[in-house]
Each structure stands twice: as C-alpha cells, then as structure tokens.
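Below, chains carry the letters A, B, ... as their sequence lines are ordered, and counting in each starts from 1.
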Protein chains: 2
Amino acid sequence: MALEKETEEKIFKAAQSIFQKRGFEGARMQEIADEAEINKSMLHYYFRSKDKLFQEVFQAGIKKVMPQLFGILKSEMGLSEKVNEIVNFYHDMFRENQHLPTFVVYEMNQHPERFKEFLGVMNIELPDVFREQVNTEVSEGRMKPISAEQFLLNIVSMCMMPMLAKTMVKTIFALDEVAYANFLEERRALIPEIILNGVKPS
Amino acid sequence: MALEKETEEKIFKAAQSIFQKRGFEGARMQEIADEAEINKSMLHYYFRSKDKLFQEVFQAGIKKVMPQLFGILKSEMGLSEKVNEIVNFYHDMFRENQHLPTFVVYEMNQHPERFKEFLGVMNIELPDVFREQVNTEVSEGRMKPISAEQFLLNIVSMCMMPMLAKTMVKTIFALDEVAYANFLEERRALIPEIILNGVKPS
DNA sequence: GTCTATATAACGATAGAC
DNA sequence: GTCTATCGTTATATAGAC
C-alpha cells in the first residue's frame with residue numbers, strides 16, 4: 001500500500017529531524033512520534049527499536065555527504081575547481097540541513113565502530129586521482145609541499161567549523177541569524193582564495 | 001576539613017571526564033560516581049542536581065579555553081606571532097584534554113542560552129587591539145582585504161576541526177592513534193603558513 | 001496497520017540511619 | 001559526611017483489542 005510507505009517515510013523524516021537536533025541520547029521516541037504526528041508504537045512497528053531507527057538516520061546522513069564529496073574528488077576537474085566545488089557543496093548542503101554536519105561528526109565520535117563498519121560497505125577512501133593531483137602540483141613546484149590529506153582537511157575545516165560551532169560564532173561575533181548567514185556566504189569566495197593562495201610558493 | 005574539598009574535587013574531576021566524553025544527555029550520575037569511586041548520593045550532597053553539576057563543568061570548560069585565547073588576542077604580539085601562539089595553544093590544550101573541544105562546541109549548540117548568559121559574566125568579545133591589527137595590515141596593503149572575524153575564524157577552524165572530527169579523520173585517512181597524533185603535530189607548522197600566506201597580496 | 005494500556009527497566013533524586 | 005534503601009518519574013518497548 002502507498003499508505004505504508006508514507007507512514008514509514010513520515011516517521012523517518014521526523015526521526016531525522018529529532019536525532020539531528022538532539023543527538024541519539026537526547027532524542028525521545030515520543031518527540032519523534034509527535035513530530036511525525038503518529039502514534040508512538042508505530043515507531044517500533046516500522047523500525048523495531050530506537051537503536052535501529054537511529055542507525056538508519058545516521059547512515060542516511062553519511063550517504064548524504066560522503067558520496068557527493070568523494071564524487072568531486074574523483075572527478076576530472078582541475079584542483080582549484082575542485083576546491084570551489086567542495087566549498088559550494090558544503091555551504092549548499094548546510095543551507096538545507098543545518099544540523100546534519102554537527103550530527104554526523106558528533107555521533108561518529110560517540111560510536112566509532114558503527115561508522116567504521118559502515119565505511120567498509122561504501123568504499124570511502126581518499127581517491128587516487130585527487131592524491132596524485134596534489135602530488136603533481138607539489139612536485140612540479142606550483143604548490144608548496146603538502147600532503148593530499150592535509151590539503152583536503154584544510155578545505156573541510158574552513159567549511160565545516162563555522163557550521164559546527166554556530167552558537168559560538170554567533171555569540172562571540174555578536175551576529176543574529178541573518179548576519180550569521182551572510183557571514184557564511186562571504187566564505188564561499190574567501191575559503192578557496194585562502195586555501196589556494198596559502199600553498200602558493202613564495 | 002581537607003577531606004571535604006578532596007571529595008568535592010574527586011567528584012568534579014569525574015564529572016568533567018564523563019560529561020566531556022558522553023555529553024549531558026549521555027552522561028549517567030552512576031557512571032560519574034563510579035569514576036569518582038564514591039557513593040552516588042554524594043553527587044547530590046555536593047552539587048544538588050545533575051544540571052548544576054553539568055553547569056559547573058561546562059563553565060570550567062569555557063574558562064579553560066576562552067581566557068587564554070583572548071589573552072593572546074589582546075597581547076602586544078605581532079599578528080603572525082599571535083597566529084603561532086593560538087595554533088600552539090589549541091594543540092597543547094588538546095593533548096591534555098581530548099574531549100574538551102567537542103564538549104564545549106557541542107553543548108553550546110544544545111544550550112545557547114546558558115552560554116550566552118555566561119559570556120556576559122566574563123567579558124568575551126573580539127578585542128579591539130586584534131581587530132585594529134588586522135585592519136591596519138589590510139589598509140596598508142600587507143594583507144588582502146579580510147575582516148578580523150573571518151581571519152580569526154580561519155585559524156580556529158584549521159586547529160579545531162581535526163580535533164572535533166577525530167574519528168572521521170582517523171577513519172577516512174586510515175590513521176591509528178599514533179599516526180593521528182603525528183598528523184596533528186604536522187599542523188602546528190602547516191596552519192600558520194597557510195593562514196598567513198593565504199592573505200598575502202599577490 | 002493503528003490504537004490503548006501496560007510491562008519493564010533505568011534514571012535522578014531524597015529520606016533516614018549511622 | 002557517608003551509606004542503604006527507596007521514591008517518583010520517565011524512557012523504551014510490547015501485548016492485545018480493533
């Protein structure tokens with residue numbers, strides 16, 4: 001029946017919202033049920049347990065980020081173009097899903113095993129194309145010596161940190177919601193410039 | 001009595017360990033008591049409630065970071081020296097207290113009000129000295145146009161992100177505990193170079 | 001499939017003896 | 001101050017009627 005899938009999906013969407021906002025420990029099955037406008041026992045009918053429901057939300061969260069990121073890294077683009085794409089990807093993703101980055105990063109630390117075994121299923125490892133791209137730039141003297149790992153981490157750090165530390169940024173810099181959004185938008189152009197200029201040989 | 005203070009301190013240290021590792025929602029009063037090797041009811045005797053105990057741990061966490069960071073920003077050093085000091089500060093702090101960055105950043109998002117009112121008590125706002133320092137460098141053409149806020153956030157992002165996303169970094173880059181520690185150490189020199197080179201006029 | 005009612009366990013917190 | 005025992009509540013989860 002169509003209604004079954006609809007119900008299951010309503011629950012899942014609600015679970016995403018609550019888990020991402022409150023974390024596994026902070027989330028309440030009742031709150032998920034309320035959000036889905038559905039009876040609490042339905043959660044168990046469709047997903048058996050809080051743990052299983054969380055697992056699916058967690059994995060969906062990773063699937064929403066990693067494949068796209070690694071898609072860019074594996075692509076045929078030039079290095080500076082990739083930097084731009086990654087920065088735009090993170091900022092677009094965050095606009096639609098404010099709590100996703102915090103959720104994924106935090107819950108990974110809380111349940112490293114879950115993440116590790118899931119990464120085996122997908123095949124997530126630093127693409128050779130990207131690694132060679134960085135190495136070539138370095139060996140041909142167009143970039144200062146840096147590993148592909150450090151280079152990628154720099155980009156990701158500059159993008160994600162202000163999202164993870166939203167409250168901190170807003171509070172210390174005295175930004176309201178709009179000013180914060182503008183502040184982030186400013187970084188779409190700023191980050192690639194710093195990242196690329198930062199490794200330029202002097 | 002000396003024993004009172006000792007007991008209170010044992011509880012507090014245990015609470016720091018557990019809260020920082022598990023978060024407020026994930027922490028259990030029983031686990032704190034076990035860690036302190038003390039009876040559970042003692043927690044309430046000394047700190048009344050889980051909430052009050054958490055509050056103190058949370059505020060102590062902020063006090064451990066912010067004053068030192070803002071101390072550097074307010075100091076007489078030159079800008080590039082400040083960058084170095086900040087980077088070293090974060091890396092030293094993390095060596096001693098692995099879970100502190102995650103804890104502070106995450107719980108800030110979960111309880112923005114608590115943080116906001118506490119920041120009023122301390123006076124945490126971006127020091128004028130630092131702001132003018134950045135503005136001067138920019139207006140005199142030694143740095144590309146950038147606000148003091150974005151400049152500072154770049155440094156903090158590069159330092160904290162790999163600490164917050166420890167599991168993610170370790171897993172995707174296939175690093176064991178030692179390799180991860182070395183990877184972080186590498187960044188002590190790397191980050192200031194990127195940050196400063198990144199804003200150098202071309 | 002969906003509801004109500006309830007089982008079962010865990011948690012924070014307190015009372016009261018010592 | 002420190003302990004044992006227990007209260008009151010809330011959480012996940014299930015049983016059973018419809």
Side-chain angles (χ1 to χ4, degrees), chain A residues 1-61 99 103 106-107 109-111 113-114, chain B residues 1-61 99 103 106-107 109-111 113-114:
Chain A
M1 272 251 261
L3 274 181
E4 294 179 31
K5 273 288 161 212
E6 268 180 44
T7 304
E8 188 169 330
E9 206 177 303
K10 263 171 64 179
I11 294 175
F12 189 71
K13 299 257 190 207
Q16 283 187 308
S17 169
I18 302 301
F19 275 131
Q20 287 178 15
K21 211 181 299 172
R22 309 242 186 266
F24 176 78
E25 292 288 349
R28 297 289 167 256
M29 294 295 268
Q30 185 61 59
E31 195 180 1
I32 295 174
D34 293 346
E35 175 89 9
E37 290 175 312
I38 220 166
N39 193 285
K40 196 180 57 162
S41 58
M42 291 289 91
L43 303 186
H44 294 92
Y45 179 79
Y46 282 102
F47 294 92
R48 287 201 67 83
S49 69
K50 182 184 181 182
D51 216 79
K52 296 234 185 248
L53 182 51
F54 171 82
Q55 196 89 341
E56 298 219 21
V57 170
F58 178 62
Q59 295 187 359
H99 297 281
F103 171 72
Y106 186 77
E107 298 296 340
N109 287 335
Q110 297 295 316
H111 321 280
E113 344 71 46
R114 281 181 178 168
Chain B
M1 273 252 261
L3 276 182
E4 296 179 30
K5 275 287 162 213
E6 267 180 44
T7 304
E8 187 169 331
E9 206 177 302
K10 261 172 64 179
I11 293 174
F12 188 71
K13 299 257 190 210
Q16 283 187 308
S17 169
I18 301 301
F19 275 131
Q20 288 178 13
K21 211 180 299 173
R22 309 243 187 266
F24 176 78
E25 293 287 349
R28 297 291 167 252
M29 294 295 268
Q30 184 60 60
E31 196 181 0
I32 295 174
D34 293 345
E35 175 88 9
E37 292 174 311
I38 220 168
N39 194 284
K40 195 180 62 161
S41 58
M42 289 290 91
L43 304 185
H44 293 93
Y45 179 80
Y46 282 100
F47 294 93
R48 287 201 68 82
S49 68
K50 182 184 183 184
D51 216 79
K52 297 234 185 248
L53 182 51
F54 171 82
Q55 196 89 343
E56 298 219 23
V57 170
F58 178 63
Q59 295 188 359
H99 297 281
F103 171 71
Y106 185 79
E107 297 297 339
N109 287 335
Q110 298 295 317
H111 321 278
E113 344 70 46
R114 280 182 179 169

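Looking at the side chain of A/Met29, the nearest of the listed nucleotides D/dA13, C/dT4, C/dG12 is D/dA13. Nearest nucleotide to the side chain of B/His44, out of C/dC11, D/dT4, C/dA13: C/dA13. Side-chain proximity of B/Lys50 to D/dT14, D/dA13, C/dA13: nearest is C/dA13.
An OP1 or OP2 oxygen of D/dT2 is reached within less than 4.0 angstrom by a side-chain nitrogen or oxygen of B/Tyr46. OP1 or OP2 of C/dT2 lies within a sub-4.0 Å distance of a side-chain N or O belonging to A/Thr7.
Between B/Tyr106 and A/Tyr106, the ring planes lie parallel to each other; the angle is under 30°, not in the 30° to 60° tilted range. In this structure, A/Phe54 and A/Phe24 have perpendicular ring planes: the angle between them is above 60°, well past the 30° mark.
You'll find the side chain of B/Arg28 reaches within 4.5 Å of the side chain of B/Lys50, heavy atoms only. Using a 4.5 Å cut-off on side-chain heavy atoms (C-beta onward), B/Tyr45 and B/Asn39 make no contact.
Taking atom CZ on A/Phe47 and atom C1' on D/dA13, their separation rounds to 16 Å, with Å as the unit. Distance, B/Tyr45 OH to C/dG16 P: 17 Å, rounded to whole Å. As a whole-Å value, the separation of A/Ile11 CD1 from C/dC3 C1' is 13 Å. D/dA13 atom C1' lies 14 Å from atom CD1 of A/Ile32, rounded to whole Å. What separates CD of B/Glu25 from P of D/dA11 is a distance of 10 Å, to the nearest Å. As a whole-Å value, the separation of B/Leu53 CG from C/dC11 C1' is 15 Å. Atom CG in A/Asn39 sits roughly 14 Å away from atom C1' in D/dT12 (whole-Å rounding). Here the C1' atom of nucleotide D/dT9 and the CD atom of A/Gln30 are 15 Å apart, to the nearest Å.
A donor-acceptor pair shorter than 3.5 Å cannot be found between the side chains of A/Gln55 and A/Asp51.
Counting non-hydrogen atoms under 4.0 angstrom, B/Met42 reaches a base of the nucleic acid. Using a 4.0 Å heavy-atom cutoff across all strands shown, B/Ala33 reaches no nucleic acid atom at all. Contact annotation for A/Ser49: backbone-only contact, meaning every heavy-atom pair under 4.0 Å involves sugar-phosphate atoms and none involves a base.
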